[in-house]
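Only this structure's heavy atoms are used, side chains among them; waters, hydrogens and symmetry mates stay out. Keep in mind that this is a model prediction, so the values were computed, not measured.
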Amino acid sequence: MEILLTGGAGFIGSAVADRLVRAGHRVRVLDALLPAVHPDGLAGVTLPAEVEFVHGDVRDPATVEQALRGVDAVCHQAAMVGLGLDLDDAPDYVSCNELGTAVLLAAMARGGVRRLVLAGSMVVYGEGRYECAEHGPVLPGPRAERELRAGRFEPPCPHCGAALRPGLAGEQAPPDPRNVYAVTKLAQEQLAAAWARACGGRVISLRYHNVYGPGMPRDTPYAGVASIFRSALAAGRPPRVFEDGGQRRDFVHVRDVAAANELALRAVGERPAGSSRVYNTGSGTVHTVGDLAVALAAACGGPAPVVTGEYRLGDVRHITADSGLLRAELGWRPAVCFEDGVAQFAAAALRGAARLP
């Protein structure tokens, strides 16, 4: 299969490229090499020799139209990721993620390319699934800054104020994006679904959990928490853990995410025309942010983590989802356990420091 892989020079994208080439596919990578992620261009990026590389922005219609020629399917990884710094980042998030996806979809419709695998995110769920002993499943409201300042990080029941029990969100859980990045990731899914209905396309969206592994960028606030902790340890500093470290997450290795993309590209062509399908994509094991910091510090032989009590208003307390549907329907099984993945990540090189935009 001839596959256009957008964002293929990025952390996840390059792992997907490697997986697809090993599986016998022909891969064309389209990447803008934005300085916030690639300050030195392709330096430090490892792509298989068989990959055809196109330097261009997914927001440019002419570039995208040319990149789509001869393509059977698109794997869309290009996006601005992470929570960012503040609302000044909002225009860039909307431009990269929403406009970029719209330009790509319009070009696919014109060019007759009808298969799409989209890099989604579990951030669309917001605070995830919670249950109250009295009121059952509930959706907590936004966390109040006064509560966070006081060190009360757990969201209470919106009806009675009681403590809640966090659980796993399924794909049918209502979306509740809590920051600009999350809004744009949900918009990408909705745009893709509209495209599929309008032109008879087929789309699978993989809602990634917290992806980590070799090749993560370092020293940038747009990176995931695993990269931020690893960067600190590489500099001889203790990882700084926000809140009390009890935030629940699902850390999934990048190789397992790449495998999920390969399976989705095989499966998407069998979907009914005009359909869209979403799959949670996580390891299936829940760990806290504090767990990750402790495990990384031990594996690196570095200083112990420092729990700071700091917080970011756009962060959610707990978000873990049920990835059983991806296992059941596509036969995906994560192969890298948390302990092995963290040990490998601790020994792996990170990409060079990024200059902030």
Side-chain angles (χ1 to χ4, degrees), residues 1-10 12-14 16-17 20-21 25-34 36-38 42 45 47 50-81 91-121 181 183-208 261-262 264-278:
M1 187 161 39
E2 186 87 25
I3 299 166
L4 175 62
L5 174 60
T6 71
I12 297 175
S14 58
V16 174
L20 294 178
V21 167
H25 299 291
R26 297 180 300 278
V27 179
R28 181 180 300 151
V29 163
L30 174 64
D31 201 299
L33 300 178
L34 296 177
V37 182
H38 302 282
L42 279 174
V45 177
L47 289 173
E50 299 90 338
V51 166
E52 177 189 353
F53 181 78
V54 178
H55 183 198
D57 198 311
V58 75
R59 292 168 289 187
D60 178 50
T63 299
V64 173
E65 187 170 329
Q66 183 175 2
L68 282 169
R69 290 176 184 167
V71 162
D72 301 306
V74 173
C75 186
H76 184 33
Q77 305 290 322
M80 184 174 177
V81 301
D92 288 334
Y93 276 108
V94 172
S95 177
C96 290
N97 299 355
E98 297 187 35
L99 175 61
T101 299
V103 169
L104 173 65
L105 294 172
M108 291 175 66
R110 290 192 303 272
V113 181
R114 296 293 183 262
R115 285 179 278 181
L116 172 68
V117 172
L118 174 67
S121 175
Y181 169 63
V183 169
T184 65
K185 294 306 290 183
L186 181 59
Q188 284 185 314
E189 287 189 0
Q190 293 171 332
L191 286 166
W195 162 82
R197 289 191 295 268
C199 68
R202 300 164 170 87
V203 56
I204 288 176
S205 177
L206 300 174
R207 289 178 174 169
Y208 300 159
N261 275 274
E262 183 202 345
L265 282 161
R266 289 186 205 167
V268 70
E270 305 302 316
R271 300 284 308 157
S275 68
S276 58
R277 187 70 156 159
V278 299

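Across every non-hydrogen atom of F53 and A9, the tightest pair is CE1-CB, 4.4 Å. Residues T63 and G56 share a closest heavy-atom pair of CG2-CA, 3.8 Å. In terms of heavy atoms, M80 sits closest to C96 at CB-CB, 4.0 Å. Smallest separation of non-hydrogen atoms from V203 and A192: CG2-CB, 3.9 Å. Here the closest heavy-atom approach between residue A17 and residue L47 is recorded as CB-CD2, 3.9 Å. A pairwise comparison of heavy atoms in G8 and D31 identifies N-OD2, 3.5 Å as the closest pair.
In terms of modelled atom types and a separation under 3.5 Å, the side chain of T6 and the main chain of Q77 share a donor-acceptor contact. The backbone N or O of D60 sits nowhere less than 3.5 Å from a side-chain atom of D57 that would complete a donor-acceptor pair. Judged by distance alone, the side chain of S95 and the main-chain N or O of P91 form no donor-acceptor pair under 3.5 Å. Here the side chain of R114 pairs a donor or acceptor atom with the backbone of A109 at under 3.5 angstrom. Within the 3.5 Å criterion, the main-chain N or O of V81 finds no donor-acceptor partner in the side chain of K185. Although no hydrogens or angles enter the test, the distance criterion places no donor-acceptor pair under 3.5 Å between the side chain of N97 and the main chain of A79. Looking only at distances, no side-chain donor or acceptor of S275 sits under 3.5 Å from a matching main-chain atom of R202.
Between R26 and I3 there is no side-chain heavy-atom pair separated by less than 4.5 Å. Between R115 and L265, the closest side-chain pair of non-hydrogen atoms is not below 4.5 Å. Proximity of Y208 to I12: side-chain heavy atoms (C-beta onward) are separated by under 4.5 Å at one or more points. Put simply, the side chain of Y181 reaches to within 4.5 Å of the side chain of S121, judged on heavy atoms. A heavy-atom distance below 4.5 Å is not found between the side chains of V74 and L118.
Taking E52 as the reference, R28, V54 meet the side-chain contact (heavy atoms from CB on, under 4.5 Å) condition, with sequence neighbours excluded. Scanning for side-chain contact (heavy atoms from CB on, under 4.5 Å) contacts around R266 gives E262, L263, with sequence neighbours left out. With sequence neighbours excluded, the residues forming a salt bridge (charged side-chain N to carboxylate O under 4.0 Å, His left out) with R277 are E329, listed by chain and number. For E65, the side-chain contact (heavy atoms from CB on, under 4.5 Å) partners are R110, not counting sequence neighbours. In terms of the side-chain contact (heavy atoms from CB on, under 4.5 Å) criterion, residue partners of V103 (sequence neighbours excluded) are, by chain and number, P61, V64, L99.
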Requested in this report: Would you please test V21 and V51 for side-chain contact (heavy atoms from CB on, under 4.5 Å) and show each step?
Outcome: CA-CA 8 Å; V21 167; V51 166; 3.8 Å; yes

Requested in this report: I would like to know whether L4 and L68 meet side-chain contact (heavy atoms from CB on, under 4.5 Å); could you show each step before the answer?
Outcome: CA-CA 7 Å; L4 175 62; L68 282 169; 3.6 Å; yes

Query - Working for side-chain contact (heavy atoms from CB on, under 4.5 Å), residues L33 and L42 - result: CA-CA 7 Å; L33 300 178; L42 279 174; 3.9 Å; yes

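In this structure, CD on Q66 lies 10.0 Å from CG on L30, to the nearest 0.5 angstrom. M108 CE to H76 NE2: the interatomic distance, rounded to the nearest 0.5 Å, is 9.5 Å. Of the inter-residue distances, the one linking L116 atom CG with L105 atom CG reads 6.0 Å to the nearest 0.5 angstrom. Of the inter-residue distances, the one linking C75 atom SG with L206 atom CG reads 8.0 Å to the nearest 0.5 angstrom.
The salt bridge (Lys or Arg N to Asp or Glu O under 4.0 Å) analysis of residues 188-199, with sequence neighbours excluded, yields the pairs E189-R207.
The side-chain hydrogen bond (donor to acceptor under 3.5 Å, both in side chains) test with T101 singles out one residue from Q188, R59, Q190, and that residue is Q188.
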